[in-house]
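Remarks on the structure that follows.
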Amino acid sequence: MATGTEPPGTEPHPQRGGVHSGTRAAITAPHLRTDRWWLAPAGTAAGLLAFIVYSTWRAFSDAHYYAAPYVSPFYSPCLAERCEPMHAGPNWEIFGSWWGISPAIIILIFPLGFRLTCYYYRKAYYRGFWASPPACAVAEPHKKYTGETRFPLILQNIHRYFFYAAIVVAGILTYDTVLAFRDENYAWGHMGLGTLVFLINIVLIWAYTISCHSCRHIVGGKLKHFSKHPVRYRMWQWVGRLNARHMQLAWASLVSVALADFYVYLLASGAFDDPTLF
């Protein structure tokens with residue numbers, strides 16, 4: 001029943017869940033924003049969807065992932081017996097001949113799990129795909145909100161463990177970058193365009209990984225007296241500065257790892273030869 005005090009053009013909502021429950025303001029408009037608020041979540045969804053499509057194609061293609069001395073970051077380390085032989089490369093034949101699908105499926109679960117549980121990526125796909133909420137001051141369409149307290153979203157709490165795995169993966173990709181300073185005959189002292197691509201990629205991978213909120217907490221989150229731990233305090237400050245750029249580093253590293261893989265694909269498929277810088 002209206003009280004006569006409602007703003008013009010508004011009326012009480014029927015008893016529904018979410019922001020339209022009887023205890024919330026009786027405003028008929030879903031929101032009062034007049035800007036193009038939908039551009040940000042739409043752009044985020046488009047960017048993530050493009051990467052999902054590309055990475056899925058490359059992960060299941062099971063081909064064109066090694067062109068000496070470069071190995072695709074999607075396939076490193078290569079843990080199956082059926083992997084292409086890579087001289088001094090990340091060939092660890094843990095999975096025997098019984099593994100019949102792409103070896104990328106084995107390793108991608110770790111960087112993928114790290115990104116899926118990352119605080120920024122949660123915000124990105126919650127808004128871009130689940131509309132929870134789609135933007136600031138725009139109500140989500142769900143009747144109730146349970147946060148990350150129930151399955152499957154409660155699994156987001158294992159993010160810090162994926163962080164440990166991401167450190168290992170970043171270390172292996174660093175090793176691959178060092179090997180990129182060889183030529184196609186594995187002679188050292190070489191630098192091609194691919195070497196530069198790998199260098200940029202590993203710098204962005206490390207910057208994104210270290211800027212993680214879990215890393216910041218591990219470095220200094222439990223300290224009660226910074227004055228007693230000056231080294232950890234300085235590290236915490238440094239990680240904090242990177243953390244302020246976590247969103248930009250997330251996108252930059254996502255693009256760089258896809259470009260590094262695509263560059264190896266072009267070389268391995270014979271599209272062109274790696275230009276030699278020295």
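When reading the values below, keep in mind they use all heavy atoms of this one structure, side chains included, and skip hydrogens, waters and symmetry mates.
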Is R33 atom CZ crowded by more than 12 heavy atoms from other residues, nucleotides or ligands, each under 6.0 Å away? yes
Modelled atom types, side-chain donor and acceptor of S269 and H64, under 3.5 Å: no
Should R122 and E148 count as side-chain neighbours, where that means a heavy-atom distance under 4.5 Å? yes
Residue pair L153 / W130, side-chain heavy-atom distance below 4.5 Å: yes
Any side-chain heavy-atom pair of F162 and I167 under 4.5 Å: no
Is L254 close to Y121 at the side-chain level, that is, under 4.5 Å between some pair of heavy atoms? yes
Would you say I109 and Y208 are hydrophobically clustered, going by side-chain heavy atoms of ILVMFWY under 4.5 Å? yes
Look at the rings of Y161 and Y164 and say which category their plane angle falls in: under 30° parallel, 30 to 60° tilted, over 60° perpendicular. perpendicular
To the nearest 0.5 Å, what is the distance between CD1 on I107 and OG on S102? 12.0 Å
I'd like to check T177 versus L199 (side-chain heavy atoms, cut-off strictly below 4.5 Å). Are they in contact? yes
Mind checking whether Y186 and H87 have parallel, tilted or perpendicular rings, split at 30° and 60°? tilted
Quick one: pull up CH2 in W188 and CZ in F181 and give me the separation to the nearest 0.5 Å. 9.0 Å
Angle between ring planes, Y54 versus F262, binned at 30° and 60°: parallel, tilted or perpendicular? perpendicular
Taking every heavy atom of W37 against every heavy atom of P134, the minimum-distance pair comes out as CZ3-CB, 3.8 Å
Checking S76 against D176: is there a side-chain donor and acceptor pair closer than 3.5 Å? yes
Provide the closest heavy-atom pair for G220 versus F226 in the form atom of the first, atom of the second, distance. O-CE2, 3.9 Å
Do I172 and V203 share a hydrophobic cluster, counting only Ile, Leu, Val, Met, Phe, Trp and Tyr and linking them when any side-chain heavy atoms are less than 4.5 Å apart? no
Minimum-distance pair of heavy atoms, taken over all atoms of I52 and T56: O-OG1, 2.6 Å
Measure the shortest side-chain to side-chain distance between L196 and M191 over non-hydrogen atoms and say whether it is less than 4.5 angstrom. yes
Measure across P111 and L108 and return the closest heavy-atom pair with its distance rounded to 0.1 Å. CD-O, 3.4 Å
Are we looking at SG atoms under 2.5 Å apart for C118 and C212? no
Do L112 and I106 land in one hydrophobic cluster if side-chain heavy atoms of ILVMFWY residues count as linked below 4.5 Å? no
Would you sort out whether F272 and Y263 count as a ring pair (Phe, Tyr, Trp, His ring centres under 6.0 Å), showing the intermediate values? CA-CA 10 Å; F272 69 93; Y263 189 83; 5.6 Å; yes
Please list, chain by chain and in numerical order, all residues satisfying ring pair (Phe, Tyr, Trp, His ring centres under 6.0 Å) with F110, sequence neighbours excluded. none
Report the distance from atom CZ of R216 to atom CD1 of I218, rounding to the nearest 0.5 Å. 13.0 Å
I need the minimum non-hydrogen distance between V257 and F51, along with the two atoms involved. CG1-CE1, 4.1 Å
Any side-chain donor near an acceptor of the partner, W206 and S253, under 3.5 Å: no
Spell out, yes or no, whether W99 and F74 are grouped together once hydrophobic residues are joined by side-chain heavy atoms under 4.5 Å, including indirect joins. no
Verify whether one side chain among R58 and S61 offers a donor that lies under 3.5 Å from an acceptor in the other. yes
Shortest non-hydrogen contact from D274 to G194? OD1-N, 3.0 Å
pair C78-V71: side-chain heavy atoms closer than 4.5 Å: no
Check whether any side-chain heavy atom of I202 lies under 4.5 Å from a side-chain heavy atom of F198, and answer yes or no. no
The reported gap from CZ in R160 to CZ in F163 (rounded to nearest 0.5 angstrom) is 10.5 Å
Grouping I, L, V, M, F, W and Y whenever their side-chain heavy atoms are under 4.5 Å apart, do Y66 and I105 come out in a common cluster? no
State whether a side-chain donor-acceptor pair under 3.5 Å links Y75 with D261. no
From CG (L259) to CG (N201), nearest 0.5 Å: 8.5 Å
Point-to-point distance, once rounded to the nearest 0.5 Å, from CG of L266 to CG of D273: 11.5 Å
